[in-house]
Amino acid sequence: MLEIKQADERLWYIYFEGSKGKSVLAEFEDFLVLLEVPASDIGGNDIEFVDQTEAGERLLSTIRHYFPKKELRYIAHSHWHPHSLASVMPFLKEKTQFITTPANFEVIKPMIDTVALPGYRESLLLLEEESFEISDGKQTLMVYRARQENYAALPTVDYLYFYLEPQGYFISGCMFSHLEHWDQTSFVSGRDLAVYQFLEDHNLKPAYLVPTNLSKYSTHEDATLYEVLKTKQEQGRRLWDIFMEYFNLTEAQLRLNRDSIVTSATFKGIPAGIFNFAVFRCLSEKEFDKALQFAWIQVQMNPSDANAWDTLGEVYYFMGQKELAMHYFRQYKMMFPYFSHSGPPLWEKDYQEMYKEKDGQGD
């Protein structure tokens, strides 16, 4: 049985063991709506797309235990990353209507056993409109479709937000985390700004923002007042500005001052993801030595993060030092045996995608 907690009238959170994520369950008069199945913390690096059926079944069993007389009518997810949807098969078997978008469905389709479920398409609700309403006359859940062409910080081509009224909860998935600087001023990411702009564009003023997959640096676990986001975008420090402060350093400056950079960034609460982004920015520009310095900074800041070690191995792979890359691959596989969405196949895929266009232009 998974942990479940009531957040508000007819609103529940369900937590997964070994994951930073939570599902949101909206309770209506005669039915239930499940939002997100983040049984995994893996983001867009997933290359396997295997349904985590056991996790999905445990979630379904938990819902049945607490709500034995209510039908689970809908399941919906924001985007195709596993930290949004790690399992869908148990729900399709129950003929629960599955709300997704055509673009997201094309990516997660390999998770569905079409032999076991030949009629699964009858349960699909592919959202091509800008919104979809679920209501029982007393409570309404609006499903909103946002597009990357309008909000560049979205992690996928399109993305679903959920707004529960009258309680005023806006479920934002992985698009919002409250991060604070050491002096308690807030960091503002591109995703924060995208959420704020979406709310402004749709004239929405929610009471709370609910993330379903938290950054490890987030200072709020379950929900954040909308006013926090509003204040952040007006007064907070832009993560892009902080990123540029580091990115403008030379390789020599990074190498000679690496320990002090790590100490300062850790003390100030700067997300290590900034340095991961810097790594791949450098790799795209073939600044391999500089990328290596950023990768080591990230490892020193986050030695318990599998992705940090994977990034370090990938940099060595890009540099042509494949024996050293494999050395770090073996090391972090011993430390993180269940972190499987990484390593040489993904590194090679990244390498080909990053350089094929540039190399083609140079022919």
Side-chain angles (χ1 to χ4, degrees), residues 1-4 12-28 31-68 70-128 132 134 141 143 145 155-160 162 171 173-174 212-213 338-342:
M1 202 72 62
L2 299 176
E3 179 187 356
I4 185 169
W12 305 78
Y13 299 146
I14 304 177
Y15 303 87
F16 291 86
E17 297 174 1
S19 165
K20 298 188 295 292
K22 66 176 181 287
S23 291
V24 176
L25 189 69
E27 182 184 0
F28 290 79
F31 62 92
L32 305 166
V33 180
L34 179 67
L35 307 175
E36 309 279 74
V37 186
S40 169
D41 289 331
I42 299 297
N45 288 337
D46 190 29
I47 56 175
E48 294 184 0
F49 293 103
V50 176
D51 190 279
Q52 296 187 28
T53 303
E54 183 177 344
E57 289 174 345
R58 289 189 68 193
L59 175 56
L60 188 56
S61 175
T62 300
I63 294 171
R64 285 173 171 166
H65 175 79
Y66 285 97
F67 305 93
K70 290 197 174 181
E71 169 200 8
L72 180 59
R73 186 169 297 176
Y74 298 98
I75 176 176
H77 69 125
S78 55
H79 62 307
W80 61 258
H81 295 176
H83 64 211
S84 167
L85 185 75
S87 178
V88 70
M89 280 292 291
F91 306 98
L92 291 177
K93 285 180 181 178
E94 296 296 316
K95 298 188 181 338
T96 302
Q97 292 189 62
F98 176 37
I99 303 173
T100 185
T101 68
N104 283 315
F105 177 69
E106 283 304 310
V107 182
I108 61 99
K109 198 159 50 173
M111 293 170 58
I112 300 173
D113 184 346
T114 56
V115 175
L117 290 175
Y120 76 91
R121 286 188 174 274
E122 296 176 7
S123 299
L124 292 184
L125 202 165
L126 298 179
L127 184 60
E128 299 186 70
F132 178 74
I134 300 171
L141 179 72
V143 182
R145 180 186 180 196
T156 49
V157 172
D158 50 17
Y159 191 96
L160 297 183
F162 311 97
I171 294 88
C174 66
T212 55
N213 189 271
Y338 300 109
F339 187 74
S340 60
H341 306 277
S342 60

* Asked: Just how far is it from atom CG of Leu125 to atom OG1 of Thr100, taken to the nearest 0.5 Å?
  -> 10.0 Å

* Structure fact -> Sorted by chain and residue number, the ring-ring contact (aromatic ring centres under 6.0 Å, His included) partners of Phe28 (sequence neighbours excluded) come out as Phe31

* **Separation between CG of Leu25 and CG of Leu35, rounded to the nearest 0.5 Å** => 8.0 Å

* Asked: With sequence neighbours left out, what residues match Phe162 under ring-ring contact (aromatic ring centres under 6.0 Å, His included)?
  -> none

* Asked: In this structure, are over 12 heavy atoms from other groups packed under 6.0 Å from Glu71 atom CD?
  -> yes

* Closest non-hydrogen atom pair between Gly56 and Pro90, with its separation -> C-CG, 3.8 Å

* Asked: What about the rings of Phe67 and Trp12, do their centers lie closer together than 6.0 Å?
  -> yes

* Just how far is it from atom CZ of Phe16 to atom CD of Glu36, taken to the nearest 0.5 Å? -> 10.0 Å

* Can you find a side-chain donor-acceptor pair between Thr101 and Glu128 that sits under 3.5 Å? -> no

* **Donor-acceptor pair between Ser84 and Ser78 side chains, under 3.5 angstrom** => yes

* State which residues pass ring-ring contact (aromatic ring centres under 6.0 Å, His included) with His77; sequence neighbours excluded, sorted by chain then number. => Phe98

* In Å, rounded to the nearest 0.5 Å, how long is the span from CD1 of Ile171 to OG1 of Thr212? -> 9.0 Å

* Hey, could you give me the CG/CZ distance between Leu127 and Arg145, rounded to the nearest 0.5 Å? => 6.5 Å

* Okay, side chain of Asn104, backbone of Trp80: is any donor-acceptor separation there less than 3.5 Å? -> yes

* Compare all side-chain heavy atoms of Met89 with those of Met111 and state whether any distance is below 4.5 angstrom. => no

* Between atom OG1 of Thr96 and atom CG of Leu72, what is the distance when rounded to the nearest 0.5 Å? -> 4.5 Å

* To do: Using the salt bridge (Lys or Arg N to Asp or Glu O under 4.0 Å) rule, collect all pairs that involve residues 78-89, keeping only residues at least two apart or in two chains.
  => none

* Asked: Stepwise, does the salt bridge (Lys or Arg N to Asp or Glu O under 4.0 Å) test hold for Arg58 with Glu17?
  -> CA-CA 11 Å; Arg58 289 189 68 193; Glu17 297 174 1; 3.6 Å; yes

* Structure fact -> side-chain contact (heavy atoms from CB on, under 4.5 Å) test vs Ile63 passes for just one of Leu32, Leu2, Ile4, namely Leu32

* Do Asp51 and Val88 have side-chain heavy atoms sitting under 4.5 Å apart? -> yes

* Residue pairs passing the salt bridge (Lys or Arg N to Asp or Glu O under 4.0 Å) test where at least one lies in residues 76-102, sequence neighbours excluded -> Arg64-Glu94

* Asked: Would Cys174 and Tyr159 satisfy side chain to side chain contact (heavy atoms under 4.5 Å, CB included), going step by step from the backbone distance to the final call?
  -> CA-CA 10 Å; Cys174 66; Tyr159 191 96; 4.1 Å; yes

* Kindly give the heavy-atom pair with the smallest separation between Ser87 and Thr53, and that separation in Å. => OG-CA, 3.8 Å

* Contact check, side chains of His79 and Leu160, non-hydrogen atoms, under 4.5 Å -> no

* Any side-chain heavy atom of Phe91 sitting closer than 4.5 Å to one from Leu60? -> yes

Do any side-chain atoms of residues 117-124 form donor-acceptor pairs under 3.5 angstrom with protein atoms, and if so which ones, sequence neighbours left out?
none

